[in-house]
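What follows is a set of notes on a single structure, which appears directly below.
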Amino acid sequence: MRILFCTAPTIALFNIKHYAEPNLGAAEVAGALKSNGVEVIHLDLNAALNEYRRNNEGFSNQILEQQDFNILASRVHLKHFFENPVATSPLIESWAIYLSNYVKTFVGDQPVDAICFSIPRQQQMYYIATGSFNMSIILRKYLNYIDDTVPFYIGGVKVYTMLDKRNYFDNIKEYVPVNCLPVYYIVGEAHLVFYKYIFNNLEEDKEYLKDRNKKLVSGEVRTKLLDQQANSTYLPDVKPLNYKSAELITSTYFPDNMISHFPELGKIKPFNYYNYRFTDGCIFKCSFCTTTGIPGFNKLTRKDDPSQVVDCLEHFYDSGIKYVRFFNNNINFKMSWVKEFCNEVVKRNLKIKWSDSANLKVGDHEMFQAMGEAGCVKLWYGTETVSPRILKEINKEVSPERIDTVLNWVHEAGIWNCSNFIVNMPHETDEEYEMVRNFIKKYYDAGILNGFSANVLEIIDTAEMQTNPERFRITLHEEHNVVKKLIYTEDNNASWEEIYKRGEYRLKHLADPVNISDPKLFSNIFENDYFFFSMYEAYGGDKNIKKKIYTHLFDNEKIYRDFIDTNFNIYIYHTVQYAEMFKKVNRNEDGIGAKALGDRSYVSISST
């Protein structure tokens, strides 16, 4: 069996970047297929389009024209494109032609049995979701050298959820040729079961396509729930065939002024990091988290065997991979597991450097030392606050003293310490807010806290704060215009307007004690692992030089503003311009409704 498996164009539709973020979901599904004997032509078309635009359009003046944006944001304009692509958007047609020819160089003359497009969740803006789906549909038309009886599948549950909630798939056959629609939109954690579905149902889906193309059955976007959460024994296919197209282009990434201060940055060669996870779920019950109101949800649904995980890392290392970003909620869910994993990495002499999320409860000095020896270079914690009262109320299960102890242990292990904070918790006093500011000042200046990000509390559906607001002395009101963000008042009579203004002020001034004025600035910079691993590539584990580079960046924010704006958000920039374009799209003619289509619908919540 031979399957074409592609990451759909996403961010590259709207921005040109020096790199393309790897698609974790595609790596897992493609890896399971390959592990079960399927020949997989695994391509990253987001990276391919980004490379094409970078070479042909350049970084300047890259914002789409309104007519091109419309096709990515609207079914009605998508229909116009299918009717007359040259007149509607020569640009998008040129992309489709290029990507079709690009794919053909890998497919060759041999037939394929199925086409799969994976749409990753990358910055939950509605027009990115529609753009990725619409471009996937367009590409199916331009892959005309593959017969239209070959089953076509699209996957990506987060994007599907966004589109389905706004009725985007209703009557889709009125806007899109039915032979360009997928047999199914696959939803769920499918990497452990999709290959089984293909083995058992491919012929049936081919027959359905024949009937649909003859109009014997109705054309619609059907969904197939394929969901299994369990340990994996498969090797994820983290490097698509065109992985080089996704690598950081280091020759033009760093500004000349920065290289003049830190010349080793100008000497590093193109590289990428790769995403990998081996656990799923969470052992904690933080009251602001989206899962705490769901009975029985707070547990690990996946924890791969340590030796299996190290087998995968060894394969990565042997293929030339040096940097991996683990996508676990808590790598230290169990101390004995972590120690066994780290000992095995050291035993096999794997020199991979990795980052991950961790909790502040589980572990001892020996465990964190072992993590440092096993290649851990960066950890993020859901610190949230250092107020003893709030820590207890939100079920963090740690004390300020424990936070201090763990940060010092990790610092001694040579690992970069990073904390996520949430300001404006219910009834957070000025004194409790100052505790966080003083904490940042003390530990950041001492070099023990090396990075941080922050968000204002947003109460969301299924969190304990939503299901049991009385415990937090708040009253919920109607939905806010940002999806899933709930308006609430505090029972001391603080109004929503007061709470909102208080939160915005506290976020804005949180990092004032360390002379960082823009909360978006420090969050984007500290969270960007392309910049972090570039520093590691240039200067190794020297924490002092990294601190100097970050300080230089913050102190010269105005000089580097364009560099920061276009490079430190790994997802999309120019959001203000695109938000204005989106307002001009006639949303009502799509039958979607204007109220639901805010400029963004993502919720910012720290990990445990």
Side-chain angles (χ1 to χ4, degrees), residues 273 276-279 283 306 309-310 313 316-317 322-383 386 396-420 439-440 442-453 526-527 529 531-550 606-608:
Y273 61 75
Y276 174 46
R277 64 173 173 172
F278 40 86
T279 70
I283 61 175
V309 175
V310 181
L313 292 183
F316 299 164
Y317 184 65
K322 294 194 290 185
Y323 301 105
V324 181
R325 186 170 64 165
F326 294 161
F327 256 72
N328 304 298
N329 287 326
N330 296 278
I331 187 173
N332 55 330
F333 64 90
K334 188 176 182 180
M335 186 159 50
S336 61
W337 190 101
V338 175
K339 289 182 178 180
E340 182 179 349
F341 162 74
C342 292
N343 291 337
E344 189 65 23
V345 171
V346 173
K347 177 182 175 182
R348 300 195 201 183
N349 197 31
L350 304 182
K351 301 302 181 182
I352 284 180
K353 304 303 178 185
W354 50 272
S355 64
D356 205 352
S357 296
N359 66 75
L360 291 158
K361 179 182 179 181
V362 179
D364 57 15
H365 185 267
E366 179 187 353
M367 186 195 79
F368 290 111
Q369 285 291 328
M371 291 172 71
E373 293 170 6
C376 180
V377 293
K378 183 180 185 182
L379 289 175
W380 278 95
Y381 322 97
T383 310
V386 290
K396 284 304 295 185
E397 301 185 33
V398 294
S399 65
E401 293 75 21
R402 173 66 182 181
I403 294 172
D404 171 83
T405 297
V406 171
L407 290 183
N408 276 284
W409 282 345
V410 175
H411 174 67
E412 291 169 10
I415 300 170
W416 199 253
N417 269 320
C418 300
S419 285
N420 295 307
F439 175 88
I440 292 173
K442 175 182 177 181
Y443 288 85
Y444 187 75
D445 284 353
I448 297 172
L449 180 66
N450 308 114
F452 54 93
S453 68
F526 287 133
E527 290 175 357
D529 279 336
F531 191 73
F532 177 79
F533 286 133
S534 292
M535 292 190 296
Y536 205 96
E537 185 77 353
Y539 294 103
D542 188 337
K543 296 180 84 171
N544 291 327
I545 190 66
K546 292 187 186 70
K547 177 71 175 288
K548 289 179 181 179
I549 294 173
Y550 279 124
S606 299
S607 58
T608 302

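Legend: residues meeting salt bridge (Lys or Arg N to Asp or Glu O under 4.0 Å) with Asp445, ordered by chain and number and at least two apart, are Lys441. Partners of Ala538 by side-chain contact (heavy atoms from CB on, under 4.5 Å), not counting sequence neighbours, listed by chain and number: Glu264, Leu265, Ile268. The ring-ring contact (aromatic ring centres under 6.0 Å, His included) test applied to Tyr323 returns Phe271, Phe533, not counting sequence neighbours. Annotation: ring-ring contact (aromatic ring centres under 6.0 Å, His included) contacts of Tyr444 (sequence neighbours excluded): Phe452. Residues passing the salt bridge (Lys or Arg N to Asp or Glu O under 4.0 Å) test with Glu344 are Arg348, sequence neighbours excluded. Listed by chain and number, the residues in a side-chain contact (heavy atoms from CB on, under 4.5 Å) with Ser399 are Glu401, Arg402 (sequence neighbours excluded). Applying the ring-ring contact (aromatic ring centres under 6.0 Å, His included) rule to Tyr443 yields the partners Phe439; only residues at least two apart in sequence or on another chain are considered. Residues forming a ring-ring contact (aromatic ring centres under 6.0 Å, His included) with Tyr317 (at least two apart in sequence, or on another chain): none. By the side-chain hydrogen bond (donor to acceptor under 3.5 Å, both in side chains) test, Lys322 pairs with Glu537, sequence neighbours left out. Residues passing the salt bridge (Lys or Arg N to Asp or Glu O under 4.0 Å) test with Asp404, sequence neighbours excluded: none. Every residue meeting the side-chain contact (heavy atoms from CB on, under 4.5 Å) condition with Asn417, not counting sequence neighbours, appears here in chain and number order: Tyr381, Leu407, Val410, His411, Ile448, Asn450. Remark: Lys378 engages Asp529 in a salt bridge (Lys or Arg N to Asp or Glu O under 4.0 Å) (not counting sequence neighbours).
Side-chain atoms of Lys396 come within 3.5 Å of backbone atoms of Gly382 as a donor-acceptor pair (strictly under, hydrogens ignored). In terms of modelled atom types and a separation under 3.5 Å, the side chain of Lys351 and the main chain of Gly375 share no donor-acceptor contact. Between the side chain of Trp354 and the backbone N or O of Ala374, at least one donor-acceptor pair lies under 3.5 Å. A donor-acceptor pair under 3.5 Å is absent between the side-chain atoms of Asn328 and the main chain of Ile331, judged by distance alone.
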From CA spacing to verdict: side-chain contact (heavy atoms from CB on, under 4.5 Å), Glu366, Met335: CA-CA 10 Å; Glu366 179 187 353; Met335 186 159 50; over 6 Å; no
How far apart are the C-alpha atoms of Phe316 and Leu350, what are their side-chain angles, what is the distance that settles it, and do they pass the side-chain contact (heavy atoms from CB on, under 4.5 Å) test? CA-CA 10 Å; Phe316 299 164; Leu350 304 182; over 6 Å; no
Could you walk me through whether Leu313 and Val345 satisfy the side-chain contact (heavy atoms from CB on, under 4.5 Å) test, starting with their C-alpha distance in whole Å, then the side-chain angles of each, then the deciding distance to 0.1 Å, before giving a yes or no? CA-CA 8 Å; Leu313 292 183; Val345 171; 4.3 Å; yes
Applying side-chain contact (heavy atoms from CB on, under 4.5 Å) to Glu527 and Trp380, what does each step give before you reach the verdict? CA-CA 9 Å; Glu527 290 175 357; Trp380 278 95; 3.8 Å; yes
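Considering only heavy atoms from C-beta on, Asn329 stays 4.5 Å or farther from Thr279 through its side chain. Side-chain contact check for Phe341 versus Met371: every heavy-atom pair is 4.5 Å or farther apart.
Donor-acceptor pairing under 3.5 Å is recorded for the side chains of Asn420 and Ser453.
Residue Ser419 holds its OG atom at 11.0 Å from CZ of Phe526, rounded to the nearest 0.5 Å. Interatomic distance, CD1 of Ile352 versus OH of Tyr273, reported as 15.5 Å (0.5 Å rounding).
Atom NZ of Lys547 is surrounded by more than 12 heavy atoms from other residues, nucleotides or ligands within 6.0 Å. Remark: Lys334 NZ is loosely packed, at most 12 non-hydrogen atoms of other residues, nucleotides or ligands lying under 6.0 Å away.
In this structure, Asp364 pairs ionically with Lys339, as a charged nitrogen and a carboxylate oxygen lie closer than 4.0 Å.
Using the six-membered ring where Trp is involved, Phe278 and Trp337 have ring planes that are parallel, under 30° apart on the 30 and 60° scheme. The aromatic rings of Tyr276 and Phe326 sit perpendicular, their planes meeting at an angle over 60°, well past the 30° parallel limit.
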